[in-house]
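Numbers restart at 1 for each chain; the letters A, B, ... are given by sequence-line order, proteins then strands.
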Amino acid sequence: MKSEPDTYGIDDLAKKGGPDIWEGCRNYQVRNSFRDDMEVGDLAFFYHSNAEPSGIVGTMRIAKKAYTDPTQFDPSSKYFDAKSPVDNPRWLAPDVELVEKFDRVISLAEMREHEELSEMLVLRKGQRLSVLPVTEREWDFILKNLARGSSVGSASGHFEGESRS
DNA sequence: GCCAACGTTGGC
DNA sequence: GCCAACGTTGGC
C-alpha cells in the first residue's frame, strides 16, 4: 500500500498509536481491492512513494474492513468528490495499524537486485495503482532477507513501533 | 521538472 | 462504444 510520506508516512501511523484510516484512494481498482480482497487481519507492506528513496518502510495489518471513506463528502478535504452520491458512496477506506517499522528503507533499486522479486507488481514500469497484491513468496523473501538484514550497519535490529493494541 | 504509462472524461 | 484529449501517478 503506497503513500507519499509528505502526505501520510509510516511515522504518522506510528504516532497514531493504533488503527488509523487509509483514506483518500480515488481509483476504482483500488476501491475494489479494498472491498473484495482485503480482510481484517491481512498484512500489508507500507510503501513510501515519491520519497528519497521510494520503497518499503514497514508492515501493517488491516484493522477494520473497508467502509465509506468520509473524506469524499467533506468539501474541505482535498479528497472531496462532489460526484459521489451520498446514498451510494463511491469510495471506501480500511483502517490499518502498524505492525513493524523497519529500521531502514528497502528501496526500489534494492528490490530490483533480487531475482526472487523480479515479478513484483510494484517494480513494474508504469504501475500506478496505490494498492497492489504481493505474493506469499515475495512477502516471505522480503521479511526474511531484506527487512532487518542490512549490509550497512548490522547493529541492533530491534523492532520499532510494535503495536500497543 | 521530464515524461511514460495509463485511468478518466466527454464529444460524437 | 470509440477514441482523442486530458489528468494523475510516480520513478528518475
Side-chain angles (χ1 to χ4, degrees), chain A residues 1-16 20-38 42-62 65-96 98-135 137-139 141-143 145-147 149-152 161:
Chain A
M1 299 174 73
K2 304 182 191 175
S3 183
E4 302 193 12
D6 289 348
T7 305
Y8 185 89
I10 193 164
D11 289 335
D12 295 300
L13 181 55
K15 222 175 292 173
K16 187 82 182 181
D20 199 6
I21 182 172
W22 194 266
E23 66 186 20
C25 288
R26 295 293 181 265
N27 173 283
Y28 287 104
Q29 278 178 259
V30 171
R31 191 273 311 270
N32 296 347
S33 300
F34 286 158
R35 188 189 58 201
D36 303 331
D37 304 330
M38 277 191 170
D42 285 353
L43 298 172
F45 287 123
F46 198 131
Y47 177 94
H48 280 175
S49 57
N50 267 322
E52 279 300 323
S54 294
I56 297 170
V57 291
T59 59
M60 53 194 175
R61 180 187 301 114
I62 305 306
K65 179 79 181 167
Y67 51 98
T68 300
D69 182 344
T71 61
Q72 70 197 297
F73 300 127
D74 176 2
S76 70
S77 169
K78 64 172 175 171
Y79 302 122
F80 178 62
D81 182 356
K83 293 183 185 164
S84 181
V86 179
D87 55 355
N88 185 23
R90 280 185 186 177
W91 307 116
L92 302 175
D95 283 351
V96 299
L98 187 65
V99 174
E100 177 186 0
K101 179 187 169 183
F102 298 155
D103 50 15
R104 69 197 192 87
V105 179
I106 304 170
S107 71
L108 276 186
E110 181 178 355
M111 285 189 271
R112 285 189 215 285
E113 290 172 6
H114 297 279
E115 174 63 27
E116 293 87 343
L117 303 179
S118 59
E119 303 289 307
M120 269 194 94
L121 290 174
V122 74
L123 301 183
R124 197 169 288 181
K125 192 171 169 184
Q127 182 50 264
R128 302 173 310 145
L129 290 182
S130 63
V131 175
L132 294 165
V134 176
T135 68
R137 194 167 298 181
E138 290 159 351
W139 178 272
F141 180 84
I142 288 169
L143 279 184
N145 300 287
L146 305 182
S150 160
S151 47
V152 196

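A search for side chain to side chain contact (heavy atoms under 4.5 Å, CB included) contacts involving A/Pro133 returns A/Leu121, not counting sequence neighbours. By the side chain to side chain donor-acceptor pair (under 3.5 Å) test, A/Asn32 pairs with A/Arg35, sequence neighbours left out. Not counting sequence neighbours, the partners of A/Tyr67 by the side chain to side chain donor-acceptor pair (under 3.5 Å) test are A/Asp95. A search for ring-ring contact (aromatic ring centres under 6.0 Å, His included) contacts involving A/Tyr28 returns A/Trp91, not counting sequence neighbours. Considering only residues two or more places apart in sequence or on other chains, A/Asp12 meets the side chain to side chain donor-acceptor pair (under 3.5 Å) condition with none of them. Residues that satisfy the side chain to side chain contact (heavy atoms under 4.5 Å, CB included) test with A/Ser3, not counting sequence neighbours, are A/Tyr8, A/Trp22, A/Phe46. Not counting sequence neighbours, the partners of A/Asp11 by the salt bridge (Lys or Arg N to Asp or Glu O under 4.0 Å) test are A/Lys101.
Near DNA chain B, meaning a heavy atom under 4.0 Å away, the residues from residues 118-129 of chain A are A/Lys125, A/Gly126, A/Arg128.
Counting only residues at least two apart or in different chains, side-chain hydrogen bond (donor to acceptor under 3.5 Å, both in side chains) contacts with residues 117-135 of chain A comprise A/Thr135-A/Glu138. Screening residues 68-91 of chain A for salt bridge (charged side-chain N to carboxylate O under 4.0 Å, His left out), with sequence neighbours left out, gives A/Arg26-A/Asp69, A/Asp81-A/Arg90.
Side-chain N/O atoms of A/Glu23 and A/Thr71 include no donor and acceptor closer than 3.5 Å.
Between chain A and DNA chain B, the heavy-atom contact criterion of under 4.0 Å yields a 5' to 3' nucleotide range of B/dA4 to B/dT8.
Nearest-nucleotide positions on DNA chain B place A/Asn27 closer to the 5' end than the other of A/Asn27 and A/Lys83.
For the helix from B/dG1-C/dC12 to B/dC12-C/dG1, the angle separating the two terminal helix axes comes to 10°, with each axis derived from five pairs and the value rounded to 10°.
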